[in-house]
Visitor: 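Let me give you the structure first, and then I'll get to my questions.
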Amino acid sequence: MLNFATPLFQQRRTISVGCLALLLALTSAHAEQTAPTLRVNHRAPISATLPSDGYALVHSEIIDVPDAHWIRLQFNDVRFDGFEPNGPGYLRLTSLMDGGVQVLDFDSYLQWHQRSAYFNGDAVLLEAWSNRANADAVVDVLTVKSDLDGRGGDSAPRSICGNDDNRMLTDDDRVARIVLSDFEPTIVCTASLINDANGCFLTSGGCAASMDNDTVIEFNPPLTLPNGTVLMHPAPADQYVPDLSSVQSQTAGDGEDWGYFGCFTNSTTGLSPRVSQGDSFTLASQIDLSEDDAVRGYGCGATVPPLFRTWSFVPKETDGTFEGLVDSELSVRVDATAGDSGMAITDGATDELIGILTNDGCDVFVGANIATAVTNEELRKALTTPLGICVPIITTILGGAPDLVNPDGTTTVMVEFLGVNGTNPVTDTGVFHYSTGGPYESVPMNAIGFNLYEATFPADICGTLVDYYFSVMTDTGVRFPDQLPNPVTTLRAAYATGTTTVLANNFEALNGWDISNTNVTAGAFAIGTPGGNGNDGAPTADFDGSGRCVLTGPMTNEDLDGGPTRLRSPSVDLGSSTEPFITFAVWMNNDDGDDTVVLQASTNGGLFWDNIAIIGDNGPQWLQQRIRLNDFITPNAFTRFRFQVSDSPNNSRTEAAIDAFELIDYECAGAVVTCSKGDINLDGQVNGGDVSGFVGALLGNNGLGTPEFCATDFDNDNALEIGDDLNAFVDCLVSGTCP
């Protein structure tokens with residue numbers, strides 16, 4: 001949530017949600033100027049389209065709160081003929097001050113949590129209409145809320161970046177006001193309408209998490225009353241209720257604070273926010289700005305003189321500068337106050353949305369306010385896996401997503417795209433995206449039926465992992481799930497015809513592994529539950545969530561001294577293996593960078609060891625590794641592995657841990673791999689550059705099922721031989737006689 005500036009030169013701090021909602025002062029030491037008459041509501045009110053012929057008025061009453069500036073109803077019970085799911089009955093509420101109308105049928109009545117929109121003035125005409133007249137209609141109002149229930153405040157905290165507050169009124173269609181509570185009506189945040197497939201919103205994590213049945217999203221709100229604390233509300237046609245099931249949020253600190261949600265269509269107009277507003281913020285796919293580049297903010301913050309109090313909690317815009325980006329923590333010098341939490345920050349040159357303002361820190365001469373960049377990984381995950389009303393397309397892989405795909409390039413899948421929430425897929429726009437470690441390749445899929453497509457995995461090397469997903473263009477003009485390029489939520493498969501798990505351990509126990517130590521004085525490897533505090537460099541949790549792992553010094557504040565300490569596997573038989581791979585998670589944090597975790601392998605039961613991986617300091621985090629054994633050793637029946645780490649000489653803080661070890665043999669028997677004989681390095685030519693590759697293949701660097709093996713196996717007998725294959729390679733290389 002947006003917090004407010006500490007005294008000059010003090011450190012920025014985080015303040016609770018309650019601080020966000022501090023109200024404007026009812027009085028000020030400065031005389032306020034005369035409020036302007038300009039109003040940002042630029043659209044004419046939308047008239048409710050209601051049935052008339054054959055409908056009867058079955059209930060009518062006026063609800064009033066004398067002297068109130070606005071009122072809102074909460075119903076206890078509504079029952080009359082036709083007021084039912086998909087039924088013809090409806091409630092109609094009309095402000096007696098400005099004629100604003102809201103229509104609630106049974107479905108929207110539930111969406112609004114048995115509440116009405118906000119109505120300006122002190123009286124509302126409440127009517128019940130049905131095409132089946134019934135004198136026994138029940139329309140019971142539980143409570144009536146008004147501004148007279150508001151709890152006034154006595155301050156207007158702010159984080160203004162400079163001597164002057166530079167915010168100005170805006171009529172930008174993309175900016176909405178979040179009224180979180182009708183009990184504290186100036187608990188306000190800002191929401192930004194974005195160009196995802198269904199026209200949903202971004203705001204701060206605290207604002208999103210605070211939404212409940214009382215929350216209303218408003219566009220084009222009128223100016224606030226002169227005291228700066230009594231909101232006036234737009235016509236019900238500009239008020240929306242959020243779908244609480246769509247809310248996703250995170251509040252994990254600076255740069256990790258965001259909220260994503262959607263709203264139901266308006267109960268009176270039947271229009272979605274984006275259709276009604278006609279515009280939305282375009283999300284930036286990357287942020288490429290330099291210090292002092294122009295940015296702009298759009299928010300609904302409070303004001304104090306010399307700004308007009310009537311501008312409080314209505315949309316304003318302000319120009320500022322970009323100050324820096326670290327990971328996803330975006331620093332900007334834009335003016336902000338209570339109510340600006342969730343403010344849209346845009347690139348001043350492109351107008352693309354680059355961040356959502358969440359925290360204060362700006363003083364007159366120093367500091368900057370803090371936003372979460374739209375490139376934040378967890379936010380990107382949410383955008384690719386929306387919930388509730390924000391879901392535009394349901395993607396189904398008929399028969400299920402494959403875990404294994406044939407290296408010969410014959411594996412196909414059928415994918416169906418189903419539109420939901422009023423959005424539909426566009427015909428013939430399905431695309432298959434895949435990556436085997438590099439950038440994603442995008443290949444159009446074959447349309448084989450109505451919204452039904454077929455995708456084929458290309459041929460690749462046995463044991464290769466492939467990440468993939470499927471996308472389609474929506475009739476709202478957005479490709480889903482690519483609402484930002486290359487979603488981080490993808491599927492994964494391995495190129496193989498089968499797999500065998502040879503050895504696995506989540507290190508809840510040693511299970512045949514052993515630990516040995518040489519010259520270790522403290523912090524030897526042991527099975528334990530991580531107890532790091534986040535500041536000592538030790539893991540705070542294991543990698544796979546099972547609870548325990550192998551770590552140095554499981555006691556609090558105990559790191560490794562001396563060494564090495566070693567973790568050794570039992571011997572495993574890989575004599576008949578095809579493509580064995582090992583995966584494991586490693587933690588290595590070393591404060592001076594001179595210590596490493598070394599993974600070694602032995603093919604003689606442990607008499608001699610070869611290094612196959614050296615992992616240095618990678619910061620206080622788990623790092624997952626995957627290694628193809630054929631690249632380093634010739635696996636046999638006496639293969640074993642060990643991890644070792646030292647702090648010798650003992651001159652640093654060294655924290656290491658191992659978890660989630662797995663040894664898998666990928667089988668590719670029967671896989672047909674296409675190749676050009678002699679082109680071992682796969683560059684499309686047969687020349688001297690293929691000699692080293694041929695020798696490597698003979699030595700076992702490339703297993704059966706790989707293109708390199710295929711290019712070396714001239715007689716196609718699934719064996720590489722110095723005799724037949726070598727002679728054929730020489731003929732191919734020298735005379736160009738290649739099969």
Side-chain angles (χ1 to χ4, degrees), residues 72 74-75 85-86 90-91 102-118 174-182 187-219 234 236-251 258-277 280-281 283 341-342 356 378-379 381-395 418-424 474-476 478 480-481 483:
R72 188 185 187 197
Q74 180 178 353
F75 297 95
N86 299 313
Y90 61 89
L91 297 173
Q102 183 184 31
V103 175
L104 293 170
D105 62 13
F106 184 82
D107 294 330
S108 57
Y109 169 78
L110 296 181
Q111 290 174 353
W112 277 79
H113 309 291
Q114 299 176 232
R115 290 160 169 78
S116 75
Y118 287 91
R174 305 169 294 180
V175 185
R177 177 172 75 185
I178 305 175
V179 183
L180 286 171
S181 170
D182 53 22
I187 300 182
V188 165
C189 294
T190 300
S192 304
L193 184 59
I194 64 172
N195 70 327
D196 64 342
N198 277 8
C200 292
F201 297 84
L202 294 182
T203 187
S204 70
C207 292
S210 299
M211 291 181 181
D212 58 20
N213 293 347
D214 285 333
T215 302
V216 175
I217 311 302
E218 298 183 333
F219 287 96
D238 281 330
Q239 299 184 40
Y240 299 84
V241 62
D243 174 13
L244 299 180
S245 72
S246 72
V247 176
Q248 298 184 66
S249 64
Q250 181 184 43
T251 51
W258 54 267
Y260 175 47
F261 71 96
C263 289
F264 293 112
T265 56
N266 186 271
S267 65
T268 302
T269 67
L271 301 178
S272 68
R274 187 164 63 186
V275 171
S276 179
Q277 294 302 110
S280 58
F281 286 102
L283 297 175
S341 187
I356 295 297
E378 294 302 315
L379 173 56
K381 287 181 181 179
L383 288 166
T384 59
T385 55
L387 302 176
I389 198 70
C390 293
V391 177
I393 301 290
I394 295 175
T395 303
L418 176 66
V420 292
N421 294 318
T423 302
N424 294 294
T474 65
D475 58 4
T476 56
V478 176
F480 180 81
Q483 302 186 129

Visitor: Does the Asn198 side chain pair with the main chain of Val391, one donor and one acceptor, at a distance under 3.5 Å?
Guide: yes
Visitor: Is the backbone of Gly419 close enough, under 3.5 Å, to the side chain of Asn424 for a donor and an acceptor to pair up by distance?
Guide: no
Visitor: Any chance you could lay out the side-chain hydrogen bond (donor to acceptor under 3.5 Å, both in side chains) test for Ser341 and Ser204, step after step, and finish with the verdict?
Guide: CA-CA 6 Å; Ser341 187; Ser204 70; 2.9 Å; yes
Visitor: Taking Gln483 for its side chain and Leu383 for its backbone only, find out whether a donor-acceptor pair lies under 3.5 Å.
Guide: yes
Visitor: Without swapping roles, check the side chain of Gln239 against the backbone of Val216 for a donor-acceptor pair under 3.5 Å.
Guide: no
Visitor: Using side-chain hydrogen bond (donor to acceptor under 3.5 Å, both in side chains) as the criterion, list what pairs up with Thr385, not counting sequence neighbours.
Guide: none
Visitor: With under 30° as parallel and over 60° as perpendicular, where do the rings of Phe75 and Tyr109 fit, or are they tilted in between?
Guide: tilted
Visitor: Within the 4.5 Å heavy-atom criterion, are Asn86 and Asp107 side-chain neighbours or not?
Guide: yes
Visitor: Keeping the roles fixed (side chain from Ser246, backbone from Gly262), state whether a donor-acceptor pair exists under 3.5 Å.
Guide: yes
Visitor: Going by the rule side-chain hydrogen bond (donor to acceptor under 3.5 Å, both in side chains), which residues pair with Asn195 if we only count those two or more places apart in sequence or in a different chain?
Guide: none
Visitor: Enter the distance from Gln102:CD to Thr269:OG1 here, rounded to the nearest 0.5 Å.
Guide: 10.5 Å
Visitor: Would you find a donor on one side and an acceptor on the other, under 3.5 Å apart, between the side chain of Thr190 and the backbone of Gly342?
Guide: no
Visitor: Under 2.5 Å between the SG atoms of Cys200 and Cys263?
Guide: no
Visitor: Measuring only between side-chain heavy atoms, which start at C-beta, is Ile178 closer than 4.5 Å to Phe201?
Guide: no
Visitor: List the residues meeting salt bridge (Lys or Arg N to Asp or Glu O under 4.0 Å) with Arg274, not counting sequence neighbours, and say none if there are none.
Guide: none
